[in-house]
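We number each residue from 1, following the sequence as shown.
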Amino acid sequence: RPSPPKKDIHRKRQEKDLGELQSLIEAHFIQRKKEEEELIALENRRTERADQQRVRAEQEKKRQVRLAEEKEKREQEDVRKKHDDDAKKKKVLTNMSQQYGGQDKKGAKKQTEREKKRKILSDRRKPLNIDHLNEDKVKDRASELWHWLKNLEAEKFDLGEVLKKQKY
């Protein structure tokens, strides 16, 4: 049997161990509570950051849409201005042509140039009329057209050379 002082020492030691254990448990729970609070704060910051990023993305999307709309509006305005300018120019030209003889002289000259070209082409481009010809006459006609084409090519070449000389 332990003597009374030993019991007392043993009891004091148990009380001391119990006190240390309780303080360790209390410190553990305090630390755990702090960690949980930090974790909650971290989660809150994470959700706030996600919300901020979502808001920024929405704002950026709205800004892009607004920029696209402004660009479209500017392009439409440019097209409208160009159309208006063309209409004004046309009106001014019409007024000028009415004041100075009623007909644009360049247009008349161009028309006569076109008519000259058509006349020349119609003279050069004669119908073949080979339906009633026999084989020998068709061959003669083909030979005749070949010589004519050869002469045109030679004339074209000569005129090209003359033009080169005139340029220098």
Side-chain angles (χ1 to χ4, degrees), residues 1-118 120-122 124-125 149 152-153 155-168:
R1 263 188 181 188
S3 62
K6 276 189 173 179
K7 273 186 181 180
D8 199 31
I9 292 174
H10 185 63
R11 189 175 48 80
K12 285 183 181 179
R13 183 160 203 173
Q14 281 181 339
E15 286 175 5
K16 182 182 172 192
D17 287 346
L18 182 64
E20 286 177 5
L21 187 60
Q22 284 177 344
S23 67
L24 284 174
I25 290 172
E26 190 176 320
H28 170 74
F29 280 113
I30 290 173
Q31 182 66 30
R32 187 170 174 187
K33 188 175 182 179
K34 284 181 184 177
E35 289 174 355
E36 285 178 1
E37 288 172 355
E38 288 175 3
L39 187 62
I40 290 171
L42 181 65
E43 286 295 323
N44 288 341
R45 284 196 307 267
R46 194 177 288 164
T47 45
E48 285 176 16
R49 188 171 293 132
D51 289 343
Q52 288 174 350
Q53 287 178 343
R54 183 181 45 79
V55 167
R56 281 189 199 124
E58 288 174 2
Q59 288 173 345
E60 179 64 21
K61 191 174 183 182
K62 287 178 183 177
R63 187 180 75 82
Q64 292 294 336
V65 167
R66 190 183 75 240
L67 288 175
E69 288 173 352
E70 288 174 359
K71 183 179 179 184
E72 181 69 27
K73 194 183 253 186
R74 280 193 308 270
E75 288 174 355
Q76 288 177 352
E77 186 68 22
D78 290 345
V79 167
R80 188 187 58 77
K81 282 182 181 178
K82 185 178 180 194
H83 182 27
D84 290 348
D85 289 346
D86 290 346
K88 285 179 183 177
K89 287 177 186 176
K90 201 173 205 180
K91 186 176 180 182
V92 167
L93 286 174
T94 304
N95 288 340
M96 287 176 62
S97 66
Q98 286 175 353
Q99 288 175 352
Y100 299 107
Q103 188 179 21
D104 192 7
K105 294 184 182 192
K106 277 187 180 177
K109 186 175 183 182
K110 197 173 199 178
Q111 187 69 22
T112 58
E113 290 295 324
R114 281 190 191 143
E115 289 172 0
K116 286 179 188 176
K117 186 175 181 181
R118 283 189 183 140
I120 291 170
L121 287 175
S122 66
R124 287 186 185 171
R125 195 176 37 191
L149 183 63
L152 285 176
E153 289 291 333
E155 186 180 343
K156 177 183 168 188
F157 178 78
D158 292 341
L159 290 173
E161 292 299 313
V162 168
L163 183 64
K164 283 182 187 176
K165 287 180 184 176
Q166 286 178 353
K167 283 185 179 178
Y168 295 110

With a cut-off of 6.0 Å (strictly less than), are more than 12 heavy atoms of other residues, nucleotides or ligands near CZ of Arg80?
yes
Does any non-hydrogen side-chain atom of Gln14 lie less than 4.5 Å from one of Leu18?
no
Do the non-hydrogen side-chain atoms of Ile30 and Glu26 ever get within less than 4.5 Å of each other?
yes
Go through the steps for Val79 and Glu75 under the test side chain to side chain contact (heavy atoms under 4.5 Å, CB included), then give the verdict.
CA-CA 6 Å; Val79 167; Glu75 288 174 355; 5.5 Å; no
Heavy atoms, side chains only, cut-off 4.5 Å: are Lys156 and Leu152 in contact?
no
Assess whether salt bridge (Lys or Arg N to Asp or Glu O under 4.0 Å) is satisfied between Arg11 and Asp8, documenting all intermediate values.
CA-CA 5 Å; Arg11 189 175 48 80; Asp8 199 31; 2.8 Å; yes
Carefully, step by step, assess Arg46 and Leu42 under the rule side chain to side chain contact (heavy atoms under 4.5 Å, CB included).
CA-CA 6 Å; Arg46 194 177 288 164; Leu42 181 65; 4.1 Å; yes
Roughly how far, to the nearest 0.5 Å, is NZ of Lys73 from CD of Glu77?
9.0 Å
Does the side chain of Leu163 reach to within under 4.5 Å of the side chain of Gln166, using non-hydrogen atoms?
yes
With rounding to the nearest 0.5 angstrom, report the NE2 to CD distance, His10 to Glu15.
11.0 Å
Interatomic distance, NZ@Lys82 vs NZ@Lys89, rounded to 0.5 Å, equals 9.0 Å
Rounded to the nearest 0.5 Å, how far does CD of Gln52 lie from CZ of Arg54?
10.5 Å
Spatial distance of atom CD (Glu161) from atom NZ (Lys164) [nearest 0.5 Å]
4.5 Å
Rounded to the nearest 0.5 Å, how far does CD of Glu69 lie from CD of Gln76?
11.0 Å
Name the residue from Glu60, Lys61, Arg66 that meets the side chain to side chain contact (heavy atoms under 4.5 Å, CB included) definition with Gln64.
Glu60
